[in-house]
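Numbering starts at 1 and runs along the sequence shown.
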Amino acid sequence: MTSDLSINRHNLIHYQHVVDQLRAVYALGIDFPTSDRRPMKVLLVFAHPEPRSLNGALRDAAVKELGTQGHEVRVSDLYAMRWKSEVDRADFPSLTPDSRLKVAAASGEAFSANALTQDVKAEQEKLLWADVLILQFPLWWYAMPAILKGWVDRVYAYGFAYGVGEHNDKRWGDRFGEGTLAGKRAMLIVTTGGWEEHYSARGINGPIDDLLFPINHGILFYPGYDVLPPFVAYRVDRLDQAGFESVADRLRERMRTLATTPPIPYRRQNGGDYLIPSMQLRSGLGDPNATGFGHHLARNAEVLDKARPIIDEVLGPGACEVSPTRP
């Protein structure tokens, strides 16, 4: 492909999105190579209070496999770090005692002045360093543990993870597919005591993808990450050694394919699918019978339509044909 566009951040984000479109198309059954063997830098944020837990054993298995694949890994063990989870005035040392705390404003001022606390700045530096972010946690009361939510609340400062980019009639900030962390990958490793059937489409707990949507879409996709499907282990309180080995083997395989797994096909906010500034999906897009979170996933045909000109240019006309076994 040739282009006379200058190389700037938005162009780089665009080309990364092109790569992910091609990977998504490959997942639909098109013969397109996606091998990527380059070493990556991986940050694993771990949120479990017991290092000898099943979560701890899975973390160790993941870190070991990543090392075997040649990747560099750093682990932020939030309980071992005694991470401060609540946001309060102590997070903004430059805030005067008589000032009312407005968290977003104080966060933005501290970030722009390089005045955030050292623990927060250290985690932000890790995020900028890493090619891949992995959040690992047990599902407690249908959500992440409070200590991990507090990590997000404090590390995702205004000007760093949100409040980025310009707002006009064509763009509404750099978010949902764009932003500070665009071009990087992210995924969840989640454990739960419930059965897989309990988290199915008709299960009493609700579909697991819906429960994790606020994290995958709202925490990871929002600042720009390409979000991979989550790794979820069910009925973990009842696992014997053989059951653990089966789960660990599945996790090792996910670590081996970290660079090539197609991301969840979330719609990019500024990609033309949404009306600005209402942020509503344009009519005619999506499954007319879909409700809720499903609207924010591009359908197979939409992915193909967007990627077809790119594939035709790279591989030649007619290359964009879907396998009959994968409609």
Side-chain angles (χ1 to χ4, degrees), residues 23 27 34-83 123 126-127 129-140 142-145 147-149 151-152 184-199 208-209 211-212 215-216 219-220 225-264:
R23 283 176 171 149
T34 62
S35 178
D36 189 347
R37 299 296 184 184
R38 66 183 178 88
M40 297 186 298
K41 294 173 287 189
V42 181
L43 172 63
L44 193 156
V45 180
F46 179 75
H48 196 287
E50 175 53 67
R52 298 168 298 179
S53 63
L54 179 134
N55 260 278
L58 290 176
R59 173 202 59 199
D60 294 344
V63 170
K64 183 177 180 180
E65 184 60 38
L66 289 169
T68 299
Q69 298 299 316
H71 306 310
E72 183 180 353
V73 185
R74 295 182 186 176
V75 176
S76 287
D77 185 336
L78 299 185
Y79 282 95
M81 296 162 59
R82 302 187 66 84
W83 179 261
E123 295 304 297
K126 293 177 188 177
L127 290 175
W129 166 85
D131 300 307
V132 181
L133 169 66
I134 299 174
L135 302 181
Q136 182 182 351
F137 58 92
L139 195 68
W140 288 351
Y142 302 91
M144 59 174 57
I147 196 169
L148 180 54
K149 179 56 165 58
W151 180 88
V152 174
K184 300 172 182 285
R185 314 197 110 202
M187 69 170 286
L188 306 178
I189 298 175
V190 182
T191 61
T192 179
W195 298 19
E196 185 171 3
E197 293 85 348
H198 297 174
Y199 294 94
I208 190 65
D209 288 340
L211 293 176
L212 297 179
I215 305 174
N216 279 329
I219 293 176
L220 298 179
Y225 281 113
D226 298 316
V227 186
L228 308 187
F231 176 91
V232 184
Y234 300 94
R235 303 184 73 175
V236 294
D237 293 333
R238 298 168 179 82
L239 285 180
D240 55 16
Q241 186 61 35
F244 168 77
E245 289 300 331
S246 176
V247 171
D249 283 344
R250 287 199 298 115
L251 180 57
R252 293 184 188 102
E253 178 60 22
R254 286 298 304 273
M255 297 300 98
R256 285 192 287 270
T257 59
L258 201 58
T260 57
T261 298
I264 300 170

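- Between Glu253 and Arg256 there is a salt bridge, since a side-chain N of the basic residue sits under 4.0 Å from a carboxylate O of the acidic one.
- To the nearest 0.5 Å, atom CE of residue Met187 and atom CG of residue Leu258 are 7.0 Å apart.
- Remark: Met144 CE to Leu139 CG distance equals 9.5 Å, nearest 0.5 Å.
- Not one N or O on the side chain of Thr257 forms a donor-acceptor pair closer than 3.5 Å with the backbone of Thr260.
- Taking both residues in full, the closest heavy atoms of Met81 and Lys126 are given as CE-NZ, 4.5 Å, listed atom of the first, atom of the second, then distance.
- Heavy-atom minimum distance, Pro145 versus Pro138: CD-O, 3.5 Å.
- Between Tyr79 and Ala47, the closest heavy-atom pair is CE1-C, 3.8 Å.
- In this structure, Trp195 places its CH2 atom where only 12 or fewer heavy-atom neighbours from other residues, nucleotides or ligands lie under 6.0 Å away.
- With sequence neighbours excluded, the residues that form a side-chain hydrogen bond (donor to acceptor under 3.5 Å, both in side chains) with Thr192 are Tyr199.
- Annotation: side-chain contact (heavy atoms from CB on, under 4.5 Å) contacts of Glu245 (sequence neighbours excluded): Gln241, Arg252.
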For Ile134 and Met255, run side chain to side chain contact (heavy atoms under 4.5 Å, CB included): C-alpha distance rounded to whole Å, both residues' side-chain angles, the deciding distance at 0.1 Å, then the answer. CA-CA 10 Å; Ile134 299 174; Met255 297 300 98; 4.0 Å; yes

Side chain to side chain contact (heavy atoms under 4.5 Å, CB included), that's the test. Do Val190 and Phe137 meet it? Break it down for me. CA-CA 5 Å; Val190 182; Phe137 58 92; 3.7 Å; yes

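- In this structure, the separation between CH2 on Trp83 and CG on Leu148 is 10.5 Å, given to the nearest 0.5 Å.
- Residue Lys41 places its NZ atom among more than 12 non-hydrogen atoms of other residues, nucleotides or ligands, all under 6.0 Å distant.
- Residues Trp129 and Leu43 approach most closely at CZ3-N, 4.3 Å, considering heavy atoms.
- Residue Pro229 comes nearest to Pro262 through the heavy atom pair CD-O, 3.5 Å, listed as atom of the first residue, atom of the second, then distance.
- Put simply, the side chain of Lys184 gets close to the backbone of Ala130: a donor and an acceptor are under 3.5 Å apart.
- Leu228 approaches Pro263 most closely through the heavy-atom pair CD2-CA, 4.0 Å.
- With Ile264 as the fixed residue, the side chain to side chain contact (heavy atoms under 4.5 Å, CB included) test singles out one of Asp209, Val227, Asp226: Val227.
- Here Leu220 contributes atom CG and Arg185 contributes atom CZ; the two are 13.0 Å apart, rounded to the nearest 0.5 Å.
- For the atom pair NE2 (His48) and CG (Leu58), the distance works out to 10.0 Å, reported to the nearest 0.5 Å.
- No side-chain heavy atom of His71 sits less than 4.5 Å from a side-chain heavy atom of Val132.
- With rounding to the nearest 0.5 angstrom, the CG atom of Asp77 is 10.0 Å from the CD atom of Gln136.
- For the pair Arg254 and Phe231, the cation-pi criterion (under 6.0 Å, within 45° of the ring axis) is not fulfilled.
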